[in-house]
2 protein chains.
Amino acid sequence: MNILEKITQNQAAFSKSEKKVAEVILANPQTAIHSSIATLAKMSDVSEPTVNRFCRRLDTKGFPDFKLHLAQSLANGTPYVNRHVDENDSPDEYTNKIFESTMASLEVARQSVNVHVVNRVVDLLTQAQKISFFGLGASASVAHDALNKFFRFNVPVVYFEDILMQRMSCMNCSAGDVVVLISHTGRTKSLVEIAQIARMNDATVVGITSAESPLAQECSYVLSLEVPEDTDMYMPMASRIAQLTLIDVLATGFTLRRGNKFRENLKRVKDTLRGSRYEKRGD
Amino acid sequence: MNILEKITQNQAAFSKSEKKVAEVILANPQTAIHSSIATLAKMSDVSEPTVNRFCRRLDTKGFPDFKLHLAQSLANGTPYVNRHVDENDSPDEYTNKIFESTMASLEVARQSVNVHVVNRVVDLLTQAQKISFFGLGASASVAHDALNKFFRFNVPVVYFEDILMQRMSCMNCSAGDVVVLISHTGRTKSLVEIAQIARMNDATVVGITSAESPLAQECSYVLSLEVPEDTDMYMPMASRIAQLTLIDVLATGFTLRRGNKFRENLKRVKDTLRGSRYEKRGD
DNA sequence: ACACCAAATGTAGTAAAATTACAACTTGAA
DNA sequence: TTCAAGTTGTAATTTTACTACATTTGGTGT
C-alpha cells in the first residue's frame with residue numbers, strides 16, 4: 001500500500017506533533033527520503049523520537065524502514081496525493097496541488113468503480129429507446145457533457161437543467177427508457193423524487209452517485225464513486241471530474257459495443273465540424 | 001536510472017569481492033534493502049567497507065543511499081500511460097485504460113501550464129467587473145461548469161451556449177470585463193470572432209486553448225493546455241478534463257486571493273443547499 | 001625466485017544515526 | 001484541584017555506517 005496515501009488518510013488520527021511531521025513529509029517527500037531523522041525532526045520542529053513514533057504508527061519498523069517505504073511510494077507510478085490547498089500557497093503550489101489531488105481522486109475513483117455494473121449499464125444504454133441525463137448544480141454540467149457525448153450516437157438523448165422539465169420528462173418515460181441521474185451526495189431531494197417518478201413509469205434508473213445514499217436506494221443500478229472532496233473549498237471539484245470520466249467510460253463502452261461501422265459514423269459526425277473551423281495544415 | 005540494471009551491466013568492472021556483493025544483492029534484492037551493511041557483508045562473505053565501496057562505485061552516497069535507490073528500482077510500477085482503447089477490450093480493460101489515460105493527460109497538462117499566466121489571470125478575474133465564460137460543443141459544458149463555480153463568488157458571471165447571445169453579450173463589454181473563451185483546438189471560427197468582438201470593446205480576453213491557434217492569437221492572455229487526445233474515439237475526453245481542472249485552479253486562486261472572510265461567504269452559499277437535501281446523520 | 005608496487009581487502013576505531021527508557025509536560029474528567 | 005491517560009522531549013544507549021590505516025594479494029621486472 002502506498003505510504004503517502006496512508007499518511008493523508010490517517011492524518012486525522014495523528015497527534016499534534018505527528019501532524020507537523022506529516023506536513024513536512026507531504027510537502028516535500030523527495031527531501032524527506034534523503035534526510036536523517038535529526039534533520040527531519042528539526043524541519044518539523046519536533047523531537048527525534050516523535051519522528052520515530054510517527055514512523056511506527058504507519059506500521060513501519062522505524063525511520064530507515066519508513067524511508068524505504070516512502071522511496072518505493074515515490075517510485076511507484078503515482079506520487080499523487082490529495083494535498084489540500086493552503087491559504088498561503090503560491091500560484092505554483094496551488095496549481096500543482098489541484099492537479100495532483102485531481103489525479104489522486106481519479107485513482108481512488110478508478111478503484112471504487114464496479115466494472116460489472118459498468119458493463120450492465122452499457123448494455124442498457126445500447127438498447128435504450130431514449131436516454132436522459134439529469135443533474136443539478138455542479139452535476140448539471142456533467143449531465144450537459146453526457147448529452148454532448150451521447151447525442152453523437154444517434155440515440156434520442158434528453159437533458160434539462162430545469163427540475164420541472166426533468167419531472168415532466170420522466171412522467172413521459174416508458175419501458176426501455178434509461179434515466180441517468182448524477183449527484184455527488186445523492187441527497188438532493190428533487191433528484192430523488194425524479195428517480196421515483198421515472199421508476200413508476202417503468203424507466204430504468206441509473207445513479208452516478210454515492211453508495212447507500214437516498215438516491216442510490218431509488219435507482220435500478222448504481223455506479224458509485226467514492227471520491228474524497230476537499231470540503232475546505234466549499235466547491236465540488238474532484239467529484240465531478242470522476243463523474244465525467246465515468247461518462248467517458250460509458251460512452252466508450254457504448255461505441256465498442258456497437259462495433260466498427262458505428263465508429264465510422266462518429267467520424268462523420270466529427271467531420272461535419274470542419275466547416276466551422278479554420279483549417280490546420282495537414283488536417 | 002534503474003540501479004539493478006546498473007549492477008548487471010557493471011558486473012565486469014567489479015573486483016572479486018564486489019562481484020560477491022553484487023551476486024548476493026541480485027539474488028535477493030528484497031532481502032538486501034532490509035539488511036544492515038553488517039548483515040549484507042556477512043552474507044557476501046566480505047567486510048563492511050567492501051560493501052560500502054561497492055555502493056560508492058554505483059554513484060551513490062553510501063550504503064543507506066544505495067538502499068533507497070534499490071528500493072525505488074524494485075517498486076518500479078508502471079506510471080500512467082496514455083494507452084488507447086482497443087476494439088476487443090473487456091469492460092475491465094477499457095475502464096482502466098480510460099481512467100489511466102485521463103490521469104496521464106492531467107500530468108501532461110500540469111506540466112504545460114504556465115503558472116505566471118495563471119497568476120495574472122487570477123489577478124484579472126478578482127478585479128473584473130463582469131466575467132463571461134463561452135465555449136461550444138464539449139467546451140460548452142466546461143464553460144457551464146465555470147459558471148457554476150464563479151457565480152458563488154458574488155461577481156456578475158455570464159454564460160451562453162448560443163453563439164448569437166455570445167456575440168451580443170460581447171458587444172456590450174467594456175473595460176474591466178473579462179471574457180474567458182474555451183476551445184481545445186482554438187480553431188472554431190465563431191469563437192475566434194467573439195474574441196475579436198470582445199477585444200474591440202476593450203474587454204480582456206483569456207483563452208483556454210491550444211497555443212499558437214487562431215484563437216490564441218486573438219487573446220490578451222492564453223492559458224495553453226497541450227493535452228494529447230485519443231482521436232480514435234472521435235470525442236473530446238481528456239482535453240475537457242484538463243480544462244475543468246484549470247477552471248478549478250482559477251477558482252481556487254480567486255478564493256485564496258480574496259482571503260479568509262470570503263471563504264466564510266462560500267460556506268454560507270454552500271449551506272443554503274441544506275434545505276434541498278436529505279439530512280445526513282452528523283451533518 | 002625474489003623484491004617491489006599497486007590494487008584490493010580487512011581491522012579497528014570513530015562518527016553518526018536511530019532507538020530506548022524515562023521524565024516532564026498537557027489535557028480533560030472526576 | 002487532582003489524577004490519569006496521552007503526548008512530547010531529554011539524555012543515555014545501541015546500532016549502524018564510515019574512515020584511516022594495516023594487511024594481504026597478485027602481478028611485474030630483475
Side-chain angles (χ1 to χ4, degrees), chain A residues 3 6-74, chain B residues 3 6-74:
Chain A
I3 203 148
K6 210 167 177 178
I7 296 175
T8 337
Q9 283 175 15
N10 286 31
Q11 209 140 15
F14 290 149
S15 72
K16 212 194 310 174
S17 308
E18 283 170 346
K19 269 181 200 142
K20 286 198 230 167
V21 180
E23 234 169 79
V24 170
I25 290 169
L26 290 176
N28 208 336
Q30 277 298 344
T31 311
I33 59 171
H34 291 111
S35 310
S36 70
I37 195 167
T39 328
L40 198 62
K42 204 168 281 174
M43 284 200 292
S44 317
D45 196 30
V46 298
S47 70
E48 299 184 22
T50 301
V51 176
N52 193 276
R53 282 186 280 261
F54 170 84
C55 297
R56 299 236 167 118
R57 191 173 293 273
L58 292 157
D59 302 318
T60 62
K61 292 181 80 182
F63 183 70
D65 189 42
F66 169 79
K67 284 207 290 189
L68 286 176
H69 281 264
L70 191 58
Q72 295 201 320
S73 300
L74 291 177
Chain B
I3 201 145
K6 210 167 177 177
I7 296 174
T8 331
Q9 283 174 16
N10 286 32
Q11 209 140 13
F14 290 148
S15 72
K16 211 195 312 177
S17 309
E18 283 170 346
K19 269 180 200 148
K20 287 198 229 169
V21 180
E23 233 169 82
V24 171
I25 289 169
L26 290 175
N28 207 337
Q30 274 299 342
T31 313
I33 57 172
H34 291 112
S35 311
S36 71
I37 196 168
T39 329
L40 197 62
K42 203 167 281 175
M43 286 200 292
S44 316
D45 196 32
V46 297
S47 71
E48 299 183 23
T50 301
V51 176
N52 193 278
R53 283 187 279 259
F54 170 83
C55 298
R56 300 234 168 116
R57 191 174 295 273
L58 292 155
D59 300 318
T60 62
K61 292 181 84 180
F63 185 68
D65 189 42
F66 169 79
K67 283 208 290 188
L68 286 176
H69 281 265
L70 191 56
Q72 295 200 318
S73 302
L74 291 176

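By convention in this document, chain letters (A, B, ...) are assigned in the order of the sequence lines, proteins followed by strands, and residues within each chain are numbered from 1.
Between the P atom of dG10(C) and the NZ atom of Lys42(B) lies a distance of 14 Å, rounded to the nearest Å. Distance CZ (Phe54(B)) to P (dG10(C)): 14 Å, rounded to an integer number of Å. With rounding to whole Å, Leu40(B) atom CG is found 16 Å from dC18(D) atom C1'.
In this structure, OG1 on Thr8(A) lies 10.5 Å from CD1 on Ile3(A), to the nearest 0.5 angstrom.
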Asp65(B) and His69(B): CA distance, side-chain angles, deciding distance, side-chain contact (heavy atoms from CB on, under 4.5 Å) verdict: CA-CA 6 Å; Asp65(B) 189 42; His69(B) 281 265; 3.7 Å; yes
Worked verdict on Ile25(B) versus Phe66(B) for side-chain contact (heavy atoms from CB on, under 4.5 Å): CA-CA 11 Å; Ile25(B) 289 169; Phe66(B) 169 79; 3.7 Å; yes
Would Gln30(B) and Ile33(B) satisfy side-chain contact (heavy atoms from CB on, under 4.5 Å), going step by step from the backbone distance to the final call? CA-CA 6 Å; Gln30(B) 274 299 342; Ile33(B) 57 172; 3.8 Å; yes
Quick one: do Val46(B) and Phe54(B) satisfy side-chain contact (heavy atoms from CB on, under 4.5 Å)? Show the steps, please. CA-CA 11 Å; Val46(B) 297; Phe54(B) 170 83; over 6 Å; no
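The shortest distance between side-chain heavy atoms of Leu68(A) and His34(B) falls below 4.5 Å. Within the 4.5 Å cutoff, the side chain of Asp59(A) has heavy atoms near those of the Lys6(A) side chain.
Phosphate contact (OP1/OP2 of dA17(D), side-chain N/O of Arg56(B), threshold under 4.0 Å): absent. Taking side-chain N and O atoms only, Asn52(A) has no distance below 4.0 Å to OP1 or OP2 of dA18(C).
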Per-nucleotide protein contact string for nucleotides 3-16 of chain D, where B marks a base within reach and S marks sugar-phosphate only (heavy atoms under 4.0 Å, - for neither): ----SBBB------
For DNA chain D, the dot-bracket notation using Watson-Crick and G-U wobble pairs below 3.5 Å, [ ] for pseudoknot-type crossings and | for other-strand pairs, is ||||||||||||||||||||||||||||||
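In this view, Ser36(A) and Ala38(A), Thr39(A) satisfy the side chain to side chain contact (heavy atoms under 4.5 Å, CB included) rule, not counting sequence neighbours.
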